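Only a predicted model underlies this, so the values are computations on that prediction, with no experimental measurement involved.
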Amino acid sequence: MNTIEFIQKIRNGEIDPAENIARVMEEISKLNKEYNHFNMIADDAEKQAKNINLKGRLAGLPVSVKDCICVKGMESRSGSKILSGYKPVFDATAVRKVREEGGIIIGKTSQDEFGFGSFSSNMGEGFETPLNPVDKKRACGGSSGGSGGITAKISFPHISLGESTGGSIASPASFCGVTGLCPTYGRVSRYGLIDYGNSLDKIGPMAKSVSGAALMLEIIAGHDKNESTSLDKPVDAYTDYLQKDIKGMRIGVIREAFGEGIDDEVSEKVKDAISRLEDMGAKTEEVSLPLTMKYGIPAYYLISTSEASTNLAKFCGMRYGKTEELEDGFNKYFSKVRSSNLGEEAKRRIMLGTFARMAGYRDAYYIKALKVRSMIIKEYKKVFKKFDLLASPTMPSIAPKFSDIEKLSPLQQYMMDVLTVGPNIAGLPHLSVNAGELKGMPVGMMMVGDHLEEKKLVQAGGKLE
Amino acid sequence: MNIDTSLIENVASLARLELKDPEKKKFVEDFKEILKAFSELDNADVKDVKMSVQPIEMQDSMREDLKEESLSQKEALKNAKHKKDGYFKGPRAV
């Protein structure tokens with residue numbers, strides 16, 4: 001039974017939401033002991049189920065939420081020890097919309113601390129690492145690893161709210177074999193999102209199918225007066241595009257994304273999927289994105305760490321989260337709380353971002369990266385004059401083993417984002433769908449659309465299921 | 001540019017982080033590797049290129065300067081351990 005059929009059965013009384021959610025909670029509690037896809041599981045899900053909007057477009061649907069998205073009364077830590085005990089007094093706008101449509105919040109999914117990672121292996125102190133649903137020796141991808149993992153593993157209809165800064169929806173979707181839809185920057189309100197990079201962060205759905213992701217995006221997208229960067233543009237009926245054919249759709253196949261550094265077998269699987277789109281009438285042609293592929297990683301990491309270094313300044317042991325005894329002056333106090341509660345990668349990115357904005361280095365790093373970002377956006381915009389969508393593998397490989405990740409330096413880990421940083425830095429919507437299997441592990445294919453063209457991603461992505 | 005312990009200590013101080021000696025040593029090595037790779041950006045010709053602080057064109061969002069509903073004082077203080085008389089209580093400023 002797919003998500004849309006399930007919701008229909010709840011709405012017409014064939015399934016009791018409270019009975020269903022009791023079974024869901026039993027399953028996820030059991031799974032979590034083995035896979036660590038949740039940082040915390042809701043203790044009020046059955047109570048929520050008794051008071052839902054039974055006519056809502058998500059009536060009775062279990063929804064998991066990445067830990068960085070605030071849920072009222074539910075500990076929301078963004079995977080960091082420094083936010084231990086923080087229980088938001090409000091719902092993020094995306095969560096509020098889910099509740100209004102009858103969705104039931106089942107828990108907070110695990111992630112790299114503050115989203116700082118590509119594998120969900122940079123966990124904050126005291127957090128368990130989520131394990132890949134297909135092979136527990138491998139990573140879920142990151143940073144929305146728990147969302148990807150539980151979406152693949154759960155046997156009930158369910159959708160997760162993930163979040164992407166540089167590829168954090170697409171990567172776990174690829175490694176776990178599910179659908180991840182990262183919308184245009186500003187399409188979904190960031191109100192209530194614990195930010196990483198405020199000009200890059202996007203909340204988006206992860207689901208077993210494109211139809212589930214399309215349905216969720218229809219609900220969470222839209223302008224929000226509480227969030228000044230949310231776009232005041234009409235929201236498309238994305239689910240209507242599932243049925244539309246793709247005859248004549250122009251798809252650009254990114255040349256550099258099938259070359260050096262990308263696993264040959266992964267490339268082959270994705271090429272097969274592209275052929276299937278051709279068989280259905282899409283017209284494909286090779287396209288080159290030289291600036292994006294060359295400068296994407298440094299530009300992304302300099303901008304995102306610069307933003308993170310200011311956004312994370314608020315975690316200083318005063319208004320929420322971990323504290324210490326109030327002694328010494330403020331500099332010493334803030335430093336003490338931060339140093340003992342932030343993990344290694346969080347410190348590294350705060351350091352890099354602070355450096356990139358320092359007097360004497362700012363022009364060469366931060367400002368330069370913002371200018372290069374303009375060049376990258378321009379390169380994409382030019383390509384979208386000719387193409388509806390662009391296609392590539394999502395990640396350069398299948399999900400790596402933890403034993404191999406340990407051998408990578410921080411820079412080598414950053415390089416894994418080579419295919420996803422482009423659309424993220426340019427704020428472009430992108431979709432990762434499963435394109436097949438390699439050694440039993442899922443292979444993701446990514447499609448990128450022009451700003452606010454999520455509907456085309458749904459239209460083409462749905463054809464591959 | 002000389003990436004050494006003294007640079008790392010300066011950055012850490014600005015970032016309000018106290019690093020232990022092994023952390024400093026590790027960050028020196030990481031910074032060397034990362035910044036060398038990122039120096040690729042030196043090759044980008046950005047003459048006459050403007051910055052993009054947002055990826056998509058945004059319009060200023062203004063509203064009337066009127067009192068609106070917001071969190072109550074009690075709600076705002078709910079997650080704070082250190083508070084007094086309805087205010088957050090912080091460390092000494094001087």
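For the options Leu200(A), Ile303(A), Asp328(A), Ile367(A), heavy-atom pairs under 4.5 Å to chain B are most numerous at Asp328(A). In terms of non-hydrogen atom pairs under 4.5 Å with chain A, the most contact-rich of Gln59(B), Met1(B), Arg63(B), Lys83(B) is Met1(B).
Contacts of Glu23(B) with chain A are made by side-chain atoms alone, with heavy-atom separations under 4.5 Å and no backbone atom involved. Of the two parts of Met351(A), the backbone and the side chain both hold a non-hydrogen atom closer than 4.5 Å to a non-hydrogen atom of chain B. Only the side chain of Asn10(B) comes within contact range of chain A, judged by heavy atoms closer than 4.5 Å. Using a 4.5 Å cut-off between heavy atoms, Tyr333(A) contacts chain B through its side chain alone, with no backbone atom that close. Of the atoms belonging to Ile377(A), it is side-chain heavy atoms, and not backbone ones, that fall under 4.5 Å from chain B. Residue contact with chain B, scored on non-hydrogen atoms closer than 4.5 Å, is absent for Lys378(A). Of the atoms belonging to Thr184(A), it is side-chain heavy atoms, and not backbone ones, that fall under 4.5 Å from chain B. Heavy atoms closer than 4.5 Å to chain B are found nowhere in Asp232(A), neither backbone nor side chain. Both the backbone and the side chain of Glu344(A) come within contact range of chain B, with heavy atoms under 4.5 Å apart. Heavy-atom distances place the side chain of Leu231(A), and not its backbone, under 4.5 Å from chain B.
Screening Ile194(A), Asn341(A), Leu312(A), Leu342(A) for a side-chain contact (heavy atoms from CB on, under 4.5 Å) with Ser80(A), the sole residue that qualifies is Leu342(A).
Under a cut-off of 6.0 angstrom, the local environment of CE in Met58(B) is crowded, with over 12 non-hydrogen atoms contributed by other residues, nucleotides or ligands.
Applying a 4.5 Å heavy-atom cutoff, the residues of residues 67-79 of chain B that approach chain A are Glu68(B), Leu71(B), Glu75(B), Lys78(B), Asn79(B).
Residues Ser339(A) and Lys347(A) share a closest heavy-atom pair of O-NZ, 2.9 Å. Across every non-hydrogen atom of Leu19(B) and Ile8(B), the tightest pair is CD1-CG2, 3.8 Å.
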>> Apply salt bridge (charged side-chain N to carboxylate O under 4.0 Å, His left out) to residues Lys336(A) and Glu327(A) and explain how you reach the verdict.
In response: CA-CA 10 Å; Lys336(A) 189 157 74 179; Glu327(A) 52 190 18; 3.2 Å; yes
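Using cut-offs of 30° and 60° for the angle between ring planes, the Phe384(A) and Tyr380(A) rings count as parallel.
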